[in-house]
Amino acid sequence: PLARIRMGNIALGCRIQEETGVPVIIHVTGRDRNLLGLHSALMGAHLLGIRHVLAVTGDPIAMGEASGASDVFDVTSLGLLRLLSSLNEGKTFFGAEVPGHTEFILGAVLNPNPADLDEQWRRLAKKIDAGARFVQTQPVFCAKVLERLLIKARSLAIPLLVGIMPLVGERNAEFLHNEVPGITIPEAVRQRMRGKSGEEGMAEGLAVARELIDLARDKAGGFYLIPPFGRVEAALALFADFDAVLAMIIPKEKAGPGIENELLDLILEIRGAARARKDWAAADLIRDRLKDLGVAIEDTAQGARWKRL
């Protein structure tokens, strides 16, 4: 994101799948590899067990800090979808046969923020024709934008996953609004964040996120949570809100105490990591949210443990 140097997501996605057993969705851009490199990387990803790919064009390198690097852009997100569909059919982007075929499930991106949503919908229709089987939105911060999107999405035949990024303070909100392409934060929300930071800022940002989730709960195909600046505790605090989020992503027939216990253990691990780096605000926020949901955390010399109230 934002043309910054990060660990390769194919390797990271593979490691996450191996250690958790949870399928991942990797983002692939047209910015960093030419068409030959994309073929090779995607076939390698399939060999490693990656099956879900979100095709994005990618932010220009000029946005980041690697001024000596060059953009490639042999293909846009639409071209990437066509390439992935070709590999699923046992062919290259150029039509040549290849041994075997891939089984990727393809995702597309939709920006719900522009005033002209019809143009975004026309682009999405082309992406669906190119093979997209799910769509993820840019982060949404405005209730009116979300309502408009949900009305439009009634005609969609594929799942729509709404992007939710909890804000953590005024500076965070202003940076996203003014510096990040595709993200628009309404004045009313920025006013709510004004003068807030730390625990107060995170609490207000989570309140905004919960309002949006409640609005789309029965209408969206699902949600994906985006931790701002790597602040995974903000997303985890939402994840801990079982009534608002967990019921949306775990089918009723699979829900039960076992799943909840595993999630609580995971939440405790994340809180422990926050305490280890002395992020007391995040750790306390997780503790308080769990208490609101009827789960108490006790910190002992042997580590933290939880119990139901």
Side-chain angles (χ1 to χ4, degrees), residues 1 23-30 51-59 75-89 102-166 176 180-186 188-189 208-226 238 243-254:
V24 302
I25 302 173
I26 65 166
H27 295 198
V28 176
T29 79
R51 293 295 181 268
H52 300 80
V53 179
L54 185 71
V56 298
T57 298
D59 297 320
V75 288
T76 63
S77 57
L78 184 59
L80 267 175
L81 288 167
R82 290 170 178 159
L83 166 56
L84 287 157
S85 292
S86 296
L87 291 175
N88 280 350
E89 296 169 0
T102 58
E103 296 178 349
F104 288 121
I105 299 172
L106 315 184
V109 173
L110 171 71
N111 184 358
N113 295 303
D116 183 8
L117 194 56
D118 290 339
E119 175 59 26
Q120 294 295 317
W121 226 252
R122 284 190 287 270
R123 294 181 184 177
L124 180 60
K126 292 180 180 179
K127 293 177 180 181
I128 293 173
D129 288 342
R133 293 298 173 261
F134 66 93
V135 57
Q136 295 182 205
T137 74
Q138 294 275 17
V140 178
F141 298 94
C142 177
K144 290 183 179 179
V145 166
L146 183 55
E147 288 173 341
R148 181 185 64 160
L149 171 66
L150 294 172
I151 292 172
K152 195 81 170 173
R154 291 172 183 170
S155 61
L156 271 184
I158 63 175
L160 173 75
L161 307 180
V162 177
I164 300 293
M165 178 186 286
L176 292 172
V180 180
I183 294 183
T184 302
I185 302 178
V189 173
V208 172
R210 288 192 181 93
E211 291 165 13
L212 295 170
I213 289 173
D214 287 342
L215 178 62
R217 181 183 307 202
D218 301 321
K219 304 178 183 71
F223 302 95
Y224 71 101
L225 307 181
I226 311 165
L238 279 180
D243 290 335
V245 180
L246 194 54
M248 296 289 299
I249 59 176
I250 297 181
K252 290 182 179 179
E253 63 271 16
K254 293 184 179 180

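If you're wondering where the values come from, they're calculated on a predicted model, not measured in any experiment.
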Enquirer: Just verifying a value: how many Å separate W121 CH2 and L156 CG, rounded to the nearest 0.5 Å?
Expert: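 These two atoms lie 4.5 Å from each other.
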
Enquirer: Kindly indicate whether the side chain of R123, heavy atoms from C-beta on, has any atom under 4.5 Å from the side chain of Q120.
Expert: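 A side-chain contact exists here, since the closest heavy-atom pair is under 4.5 Å.
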
Enquirer: Are the side chain of S77 and the backbone N or O of A55 linked by a donor-acceptor pair below 3.5 Å?
Expert: no

Enquirer: Considering non-hydrogen atoms only, spot the tightest contact between V109 and V135 and give its length.
Expert: C-CG2, 4.2 Å

Enquirer: I need the L87 CG to L106 CG distance, nearest 0.5 Å.
Expert: 9.5 Å

Enquirer: So which atom in H52 and which in V24 form the shortest heavy-atom distance, rounded to 0.1 Å?
Expert: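 Between these two residues, the closest heavy atoms are CB-O, 3.4 Å.
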
Enquirer: Say whether, by atom type as modelled, one donor and one acceptor occur between the side chain of N113 and the main chain of I183 under 3.5 angstrom.
Expert: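 Side chain of N113 to backbone of I183: no pair is present.
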
Enquirer: Taking the basic N atoms (NZ, or NE/NH1/NH2) and the acidic carboxylate oxygens, is any pair closer than 4.0 Å for D214 and R217?
Expert: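 Yes.
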
Enquirer: Would you say S85's side chain and A130's backbone share a donor-acceptor pair under 3.5 angstrom?
Expert: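 The answer is yes, because a donor-acceptor pair under 3.5 Å joins these two groups.
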
Enquirer: Using every non-hydrogen atom in the two residues, find where I25 and Q136 come nearest and quote the distance to one decimal.
Expert: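 The pair with the smallest heavy-atom distance is CD1-OE1, 3.5 Å.
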
Enquirer: Would you give the length of the straight line joining atom NE2 of H27 to atom CG of L54, rounded to the nearest 0.5 angstrom?
Expert: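 Answer rounded to 0.5 Å: 4.5 Å.
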
Enquirer: Please check: side-chain N/O of R148 versus main-chain N/O of A115, any donor-acceptor pairing under 3.5 Å?
Expert: yes

Enquirer: Would you call K144 and E147 a salt bridge, using N to O less than 4.0 angstrom?
Expert: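 No.
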
Enquirer: What heavy-atom pair brings L117 and P112 nearest, and what distance separates the two atoms?
Expert: CD1-CA, 3.9 Å

Enquirer: What is the minimum heavy-atom distance between V53 and F134, and which atoms define it?
Expert: O-CZ, 4.2 Å

Enquirer: Would you name the heavy atoms of A108 and L81 that are closest together and state the gap between them?
Expert: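 Closest heavy-atom pair between A108 and L81: CB-CD1, 4.3 Å.
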
Enquirer: Does a side-chain heavy-atom distance below 4.5 Å link V75 with R82?
Expert: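 In short, these two side chains do not touch, never coming nearer than 4.5 Å.
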
Enquirer: Looking at CG of N111 and CG of L149, how far apart are the two atoms once the value is rounded to the nearest 0.5 Å?
Expert: 10.0 Å

Enquirer: Hey, is the main chain of N88 close enough, under 3.5 Å, to the side chain of T102 for a donor-acceptor pair?
Expert: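 Yes, T102 side chain to N88 backbone: donor-acceptor pair under 3.5 Å.
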
Enquirer: Quick check for you: to the nearest 0.5 Å, what is the distance between F104 atom CZ and L83 atom CG?
Expert: 9.0 Å

Enquirer: Taking side chain as C-beta onward, heavy atoms only, is R122 less than 4.5 Å from D116?
Expert: yes

Enquirer: Could you tell me the separation between the CZ atom of R210 and the CD1 atom of I164, rounded to the nearest 0.5 Å?
Expert: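 The CD1 atom of I164 is 11.5 Å from CZ of R210, to the nearest 0.5 Å.
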
